[in-house]
Amino acid sequence: MRPPPIVAAVAAVVLLAGGCSTSSSPQGESPDRQAESPAESPAVTPETPAPREEPASTPPAPERLQRFYGQDVSWRPCQGGGFECTKVRVPLDYADPSAGTVSLAVSRRPADEPGRRIGAILINPGGPGASGISFAPTAAAQFRSDVLDRYDIVGFDPRGVAASEGIDCLTDGELDAFVALDPTPDDPAAVSEAQQAIADFGRGCVEGSGELAGHVSTPEAARDMDIIRAAVDSPQFHFYGASYGTLLGATYADLHPERVGRMVLDGAVDPAQSVLQENLKAAAGFETALRAYLQFCVDQGECPLGTTVPAAQDRLNALLDRIDATPLPAGAGRELTTGHAVLGVWLPLYVPELWPTLSVALQQAANGDGSALMRLSDLYTSRGPGGYRDNSLEALYAVNCLDQPTGRSTQEIRRLLPRFRQASPTFGEVFAWFLIGCPEWPVRTAEPMPTIDAPGAPPIVVIGTTGDPATPYESAVALAEQLRSGVLVTRVGEGHTGFGRGNECVDEAVNDFFAAGEVPENGLRCAG
């Protein structure tokens with residue numbers, strides 16, 4: 001099962017933090033834009049279609065779906081910032097469109113110059129489970145005025161998520177207990193508890209959500225996006241997707257390559273890798289990001305973990321072991337377990353601007369106070385003082401367990417532990433135990449994930465960040481290779497995703513692509 005890469009609150013933190021930073025290029029100098037050598041990145045093949053410069057009509061929808069593609073929607077003001085909202089109906093089951101419908105929440109910021117409008121850019125911040133409605137205003141702030149002049153910016157909550165008809169699986173108390181579980185169960189009782197928790201989670205989704213629990217897969221959400229495209233009157237499908245949103249966008253491109261317009265996939269997931277490969281890559285990615293943070297901590301002086309990176313890593317591991325043995329008080333009657341502590345460490349690895357906050361939290365934890373690490377964990381899982389702010393954690397598991405209903409036996413996982421420890425001495429065992437997976441999930445999807453290559457699509461921009469913990473850079477390289485028209489852009493730096501993170505080179509490439517159809521040079525490498 002894919003480990004939790006990003007949920008709703010983190011998505012906003014990532015772009016807000018990036019948007020507040022400045023380019024590292026010296027004043028007056030242009031950013032570092034250079035192409036990698038062919039040996040370092042894939043080449044766009046000669047048969048790659050040219051970008052579509054003008055809006056084009058799209059093939060008609062299948063007759064059995066005409067009532068969805070032809071629906072009228074009415075808009076009302078919402079959110080502020082010029083956004084308005086509506087609801088769009090989609091089939092519960094695309095194999096049987098008469099079997100019921102699902103209501104999707106959609107928002108848009110209309111183009112500033114309607115007479116020059118190209119279409120709409122749909123936005124997805126990842127998860128699975130993050131709210132595009134919440135994320136769209138933050139994302140819109142990253143686009144230049146020439147993009148906002150010519151496009152509507154469209155947020156949407158995928159089926160099962162937030163303001164759309166949402167998945168409901170567990171009470172807040174049950175979710176608290178789930179998050180608090182030992183992420184490295186080291187005895188049979190703890191392993192059984194983890195397996196039972198996943199099984200109970202799945203049963204809760206079916207009991208709380210009915211038929212919807214079996215229809216929140218990525219291919220179904222990708223098909224929904226084409227109905228949204230029609231509802232917002234966009235002749236072609238333009239898209240910015242981050243993290244899991246790259247898988248959603250790539251799936252759309254494979255299903256409807258003829259309808260793709262300008263698509264950017266940022267912080268890419270590799271759809272072709274096995275669950276084992278994915279978890280090993282993620283373990284290594286988080287270890288690389290952790291070492292970057294530890295180096296920062298040591299370089300800043302007075303690092304609460306030590307004066308060298310090896311010493312700091314040893315002290316962090318010792319701290320996590322102590323919390324595993326004896327959870328820390330975290331305020332409001334709560335206790336910080338290792339489940340919370342790992343998430344509390346992970347979240348700042350997505351956003352380097354939070355590294356000083358992590359240092360403070362670790363110092364407090366070393367002194368016996370788990371409240372600051374708990375606040376970081378709560379941000380990761382979208383938990384507020386009064387409970388969970390949304391259903392992002394429930395949707396994450398519901399979608400992942402439909403897309404990847406696999407698992408490994410405890411005996412296999414134990415045999416794999418040395419490989420995971422080698423990939424990540426700190427987090428390897430956590431990612432190994434994610435392989436327990438979803439074999440007991442009570443429902444199966446009717447539409448499995450396709451093999452993704454999107455034949456005939458115009459150039460699709462794939463962005464990878466070299467120090468990305470959650471979606472390691474190698475995954476972006478792999479997705480750009482798998483897409484027949486993939487164009488790789490590399491951000492050299494730390495943190496999750498590349499656009500809106502203060503790198504002028506990346507931001508210009510994305511804005512130029514959307515504004516004028518200027519395809520970045522394949523292999524463009526953006527330093528700083």
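Because the structure is predicted, anything quoted here is derived from the model rather than measured.
Comment: Arg421 engages Glu429 in a salt bridge, judged by a side-chain N to carboxylate O separation of less than 4.0 angstrom. Comment: Arg491 does not engage Asp468 in a salt bridge, judged by the lack of any side-chain N to carboxylate O separation of less than 4.0 angstrom. For Asp172 and Arg383, the salt-bridge test fails: no basic side-chain N is under 4.0 Å from an acidic carboxylate O. Between Asp507 and Arg501 no salt bridge is recorded (no basic side-chain N to carboxylate O distance below 4.0 Å).
Cation-pi geometry between Arg262 and Phe514 is not met at under 6.0 angstrom from the ring centre and within 45 degrees of the axis.
Between Tyr244 and Leu396, the closest side-chain pair of non-hydrogen atoms is not below 4.5 Å. At a threshold of 4.5 Å between non-hydrogen side-chain atoms, the residues Pro329 and Asp369 do not count as touching. Contact of the Phe156 side chain with the Met225 side chain is registered, since non-hydrogen atoms from C-beta on lie closer than 4.5 Å. Residues Leu435 and Glu412 fail the side-chain proximity criterion, which asks for heavy atoms closer than 4.5 Å. Within the 4.5 Å cutoff, side-chain heavy atoms of Leu483 are placed close to those of Leu479. Residues Leu265 and Ile463 form no side-chain contact, since every pair of their non-hydrogen atoms from C-beta on lies 4.5 Å or further apart.
Nearest heavy-atom pair, Arg315 versus Gly306, reported as atom, atom and distance to 0.1 Å: NH1-N, 4.2 Å. The heavy-atom pair separating Ala289 from Trp355 by the smallest distance is O-CZ2, 4.4 Å. Here the closest heavy-atom approach between residue Ser475 and residue Gln273 is recorded as OG-NE2, 4.1 Å. When all heavy atoms are compared, the tightest approach of Leu362 to Val345 is CD2-CG2, 4.3 Å. In terms of heavy-atom proximity, Gly428 sits nearest to Ala283 at CA-CB, 4.4 Å. Contact detail for Val179 and Ser377: the closest heavy-atom pair is CG1-OG, 4.5 Å.
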- CA sep, side-chain torsions, deciding dist, call: Val351, Glu353, side chain to side chain contact (heavy atoms under 4.5 Å, CB included): CA-CA 5 Å; Val351 189; Glu353 290 81 1; 3.3 Å; yes
- Task: Test Phe178 against Phe201 for ring-ring contact (aromatic ring centres under 6.0 Å, His included), laying out the working first.
- Result: CA-CA 9 Å; Phe178 186 83; Phe201 203 126; 4.9 Å; yes
- Query: Going through the checks in order, is the side chain to side chain contact (heavy atoms under 4.5 Å, CB included) test met by Val298 and Thr308?
  - Reply: CA-CA 6 Å; Val298 168; Thr308 67; 5.6 Å; no
- Query: Can you check side chain to side chain contact (heavy atoms under 4.5 Å, CB included) on Phe239 and Val264, steps first, answer last?
  - Reply: CA-CA 6 Å; Phe239 182 72; Val264 174; over 6 Å; no
- Given ring-ring contact (aromatic ring centres under 6.0 Å, His included), test Phe143 with Phe499 step by step and report yes or no. CA-CA 10 Å; Phe143 290 118; Phe499 180 56; 5.4 Å; yes
- Message: With side chain to side chain contact (heavy atoms under 4.5 Å, CB included) as the criterion, how do Val275 and Arg408 come out once you've worked through the C-alpha distance, each side chain's angles and the decisive distance to 0.1 Å?
- Response: CA-CA 10 Å; Val275 176; Arg408 297 291 183 103; over 6 Å; no
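Judged as a side chain to side chain donor-acceptor pair (under 3.5 Å), the pairs with a partner in residues 190-202 (not counting sequence neighbours) are, in order, Gln196-Asp200, Asp200-Arg203.
Side chains of Gln295 and Asp299: a donor on one and an acceptor on the other come within 3.5 Å. Side chain to side chain, Tyr473 and Thr465 fail the donor-acceptor criterion of an N or O pair below 3.5 Å. With no hydrogens or angles considered, a side-chain donor-acceptor pair links Asp390 and Ser382 at under 3.5 Å. In the model, Thr426 has a side-chain atom that pairs as donor or acceptor with a side-chain atom of Gln313 under 3.5 Å. With hydrogens and angles left out, the side-chain atoms of Thr184 and Asp186 include no donor and acceptor closer than 3.5 Å. In summary, the side chains of Gln482 and Asp270 do present a donor paired with an acceptor at a separation below 3.5 Å, with no hydrogens or angles considered.
Under a 3.5 Å cut-off, the side chain of Asn391 and the backbone N or O of Glu394 do not form any donor-acceptor pair. When atom types are taken as modelled, the side chain of Asp266 and the backbone of Gly498 share a donor-acceptor pair closer than 3.5 angstrom. A donor-acceptor pair under 3.5 Å is formed between the side chain of Thr246 and the backbone N or O of Val269.
Ring centroids of Phe431 and Trp346 are separated by less than 6.0 Å, placing the two rings close together.
Heavy atoms from other residues, nucleotides or ligands lying under 6.0 Å from CD of Glu440 number 12 at most. For Gln422, the CD atom sits in a loose shell: 12 or fewer heavy atoms of surrounding residues, nucleotides or ligands are nearer than 6.0 Å.
Between Phe427 and Phe286, the ring planes are perpendicular. Angles over 60° get that label, and only those under 30° would be called parallel.
Phe420 pairs by the ring pair (Phe, Tyr, Trp, His ring centres under 6.0 Å) definition with nothing, not counting sequence neighbours.
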